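One structure is given here, and the rest of the page talks about it.
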Amino acid sequence: MSGVEVRRKDLQEVTVIYLKGYLDAHTAPEFEKALQELVDQNRVNIVVNLAELNYISSAGLGVFMGFIEDIRKKGGDIKIAEMADKVFRVFDLLGFPVLYEIFKDESEAIGQYR
Amino acid sequence: MSGVEVRRKDLQEVTVIYLKGYLDAHTAPEFEKALQELVDQNRVNIVVNLAELNYISSAGLGVFMGFIEDIRKKGGDIKIAEMADKVFRVFDLLGFPVLYEIFKDESEAIGQYR
Amino acid sequence: MARKTENYHLRIPSETANLQVIRNFVSDVAKSVGFENQDIGKIELAVDEACTNVIEHAYHQDSKKDIDVAVKIDFDKFTVVITDHGKGFKPEDVDIPDMNRYLAELRVGGLGIYLMKHLMDEVEYRTQPGVSNEVRMVKYLIRKDNKKKQSA
Amino acid sequence: MARKTENYHLRIPSETANLQVIRNFVSDVAKSVGFENQDIGKIELAVDEACTNVIEHAYHQDSKKDIDVAVKIDFDKFTVVITDHGKGFKPEDVDIPDMNRYLAELRVGGLGIYLMKHLMDEVEYRTQPGVSNEVRMVKYLIRKDNKKKQSA
Ligand SMILES: Nc1ncnc2c1ncn2[C@@H]1O[C@H](COP(=O)(O)OP(=O)(O)O)[C@@H](O)[C@H]1O
Ligand SMILES: Nc1ncnc2c1ncn2[C@@H]1O[C@H](COP(=O)(O)OP(=O)(O)O)[C@@H](O)[C@H]1O
C-alpha cells in the first residue's frame, strides 16, 4: 500500500519533518521513529510539514500527543506547517489547534524558533 | 463514482473528442452517444484524445469497433491521439493499432485530415 | 432506477496494512451514492477507527482473524456495521474523553470512539461478550436529486 | 511476518456502477502484496471483464443480485474467484476470437474472455449450469524479497 513517507531536513536550530501519504495505525510507527530519533539527538525544535499528508487517524494524532510533553520539557516544540484542509478538519474537531501552533508557510513556522 | 467525462471540440473539418477518467461498461454509453451524434451530424473526421483516460475495458473498445465501419463508409475516420501507456497496452494486446492510427500529438492527428 | 436497499460486504484479514483497502472500499461506496467529499472523509475516518479497534483490541494483531465490514444503503441512510468475534468489551465502561481536560493533561490514546461519535450521525455498539461485537454507524445523506448514481 | 494464506472477500450488488469499486478493491489488494503497476493493471482489467460478464450475461442488469469476488493470496499466487448464480453457460461453446480475423471483419464484442486469458496466468471456469458459475483466475507474483507488505 502507499502508506506514509517520512523525510527529514536539518537546518541549523530547527528540523523539519515532511509527512507524505496516509498516517494511520499501520504507518504511525514510522513517524514515531522519526520523532524518537530527534528527541534522542536533542534536536527538539521541530516543524512538521503536512503539505503532502492526505489522511490522519487517531493513531497519527497519538504520535503528536506522545512526544509533546517530553519535547517541551526539553525546551523544544512541535509546530505544524502547510496542513491540508482535510487533515486540519480532524485536528480541529479534537481541539488540537489549542496545543499545536499551525502555520500556513514552513518558513513562518521555522521563524518561530529564531 | 468518478466515471468518464466526454468533451467535444469542433474545428473546421475535424472534431476532437476528449475522454477523461474511466471507460468501462458503465461509462461506455456516454462515449457511444458522443460518436452517434457526430455520425448523425455527418462530422466523421474524428480525433479521440485519450490524454486523460486512465482506464479502458472491452466495453470501451467495443465503442471504437461499433462505429468504425460506418464512419469509414462515410469517408471519415477515427484517429487516436495522446494515449497513456496503460491504455495503449490494452489496445496493443488486442492488435487494435492495426485498425486505428495512433498519434503522439493531437495536432499531428488533426493534420492527417488536411 | 427504482429506489431500493443495497448491501455491500467486505471481509478482510485483521491487520493494519489492510486499513487502506477498507477505507478505499467505504469511500468508493459512499462516493457512488453521492456523498460530498467532507462526508466521505468523515465516514472513512470513523470506519478506520472502528477497524483499528478490532485489529488492536479484539484480535490483538492476529491477522488470521477477519474483519467484516458491511455497508447498507437505504434511501437517505448509509449504515456501516463492523463485526468482530473477539473477547468483547463493555462500551458503557469506556470513558469518552472531555477534550479540554484531555489536551490540558497531554493524554495519549483513547480518541477513537470519541471521533466515531462526532463524525457519524448515529453510533451504536451491540456487544455479546465472547460471541460477537458489532458497531453500527449511520450517516444521513442529504440528496440533491432523486437519482442514486451518476456516472460522471 | 510468517507466510500464510490470506483471504479477501467482497460481495456487492451486480451493477456496472460498481465496477469501479470492484477494480479498486482488487488493485488495492494486489498492490499490498507487491505487484508492480503493470500487473495490477492486468488483474484489474481481467476482474472487470469477468464481473461485466456476470452483470450482463448472468444477471441481465438485475442489481438485486450480488457478485462475489474472492481474493486468495498464497506465497507466490494471487487467485481471484468470481462467482455468480445465473443461468450459466458452456465455456467450451464460447468462440474465442482470432484477433486478425476479428479486426479484419470489424467485429464488435466478444473480447472479454480473450482478454482475461491473455492478462492472467491461469483462467478456469467451473460451471454447474443453473447452480453456480465461477471463474478462477491466477496471477503469479515474482517476489523481490521475503516481506509481504511494505508500508511505504
Ligand atoms: N472492538 C473492540 N473490542 C474490544 N475492545 C474494544 C473494541 N473497541 C473499543 N474497545 C475498547 O474501548 C477502548 C476505547 O477505544 P478508543 O476510543 O478507540 O481508544 P483507543 O483504541 O485508543 O484505546 C479501547 O481501549 C478498548 O478497551
Ligand atoms: N458469467 C457468465 N454467465 C453467463 N454467460 C457468460 C458469462 N460469462 C461469459 N458468458 C458468455 O460468454 C460469452 C463471451 O463473453 P466475452 O468474451 O466476455 O464477450 P462478450 O461479453 O462481449 O459477449 C458471452 O457473450 C456470454 O454468452
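Every value quoted in this text rests on a predicted model; they were computed, and no experiment measured them. Keep in mind that the numbers below use all heavy atoms, side chains included, and drop hydrogens, waters and symmetry copies.
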**Report entry** Residue part contacting chain C, namely of A:F96, when any heavy atom lies under 4.5 Å
**Finding:** both
Query raised in the report: To the nearest 0.5 Å, what is the distance between NZ (A:K86) and CD (C:E44)?
Result: 4.0 Å
Query raised in the report: Does A:K74 NZ have over 12 foreign heavy atoms under 6.0 Å away?
Result: yes
Requested in this report: Inspect the surroundings of NZ in C:K87 and state if more than 12 heavy atoms from other residues, nucleotides or ligands are less than 6.0 Å away.
Outcome: yes
Report task. Find the distance between OH (A:Y55) and CG (C:L45) and round it off to the nearest 0.5 Å. Result -> 4.5 Å
Query raised in the report: Between A:V90 and chain C, which part of the residue has a heavy atom less than 4.5 Å away: side chain, backbone, both or neither?
Result: side chain
Report task. Decide yes or no on side chain to side chain contact (heavy atoms under 4.5 Å, CB included) for A:D24 and C:R23, but give the supporting numbers first. Result -> CA-CA 11 Å; A:D24 63 9; C:R23 290 196 300 266; 2.8 Å; yes
Query raised in the report: If you tally heavy-atom pairs under 4.5 Å against chain A, which of C:T52, C:L111, C:L103, C:V108 wins?
Result: C:L103
**Report entry** Carboxylate-amine/guanidinium contact C:R107 A:E69, below 4.0 Å
**Finding:** no
Query raised in the report: Take atom CD in C:E92; do more than 12 heavy atoms of anything else shown fall under 6.0 Å from it?
Result: yes
Query raised in the report: How far does CG of C:L106 sit from CG of A:D70, to the nearest 0.5 angstrom?
Result: 11.0 Å
**Report entry** Whether C:E49 side chain and A:S58 backbone form a donor-acceptor pair below 3.5 Å
**Finding:** yes
Report summary line: Rounding to 0.5 Å, atoms CG (C:L19) and OG1 (A:T27) come to a distance of 9.0 Å
Query raised in the report: Going by heavy atoms in the side chains, are A:H26 and C:N18 under 4.5 Å from each other?
Result: no
Query raised in the report: Do C:L119 and A:L93 pass the side chain to side chain contact (heavy atoms under 4.5 Å, CB included) test, and can you show the C-alpha distance, the side-chain angles, and the key distance before you say yes or no?
Result: CA-CA 9 Å; C:L119 294 162; A:L93 175 59; 3.6 Å; yes
Query raised in the report: If you round to the nearest 0.5 Å, how far is CD of C:Q38 from CZ of A:R89?
Result: 3.5 Å
Query raised in the report: So which of A:I68, A:L94, A:L99, A:I56 has the largest heavy-atom pair count under 4.5 angstrom toward chain C?
Result: A:L94
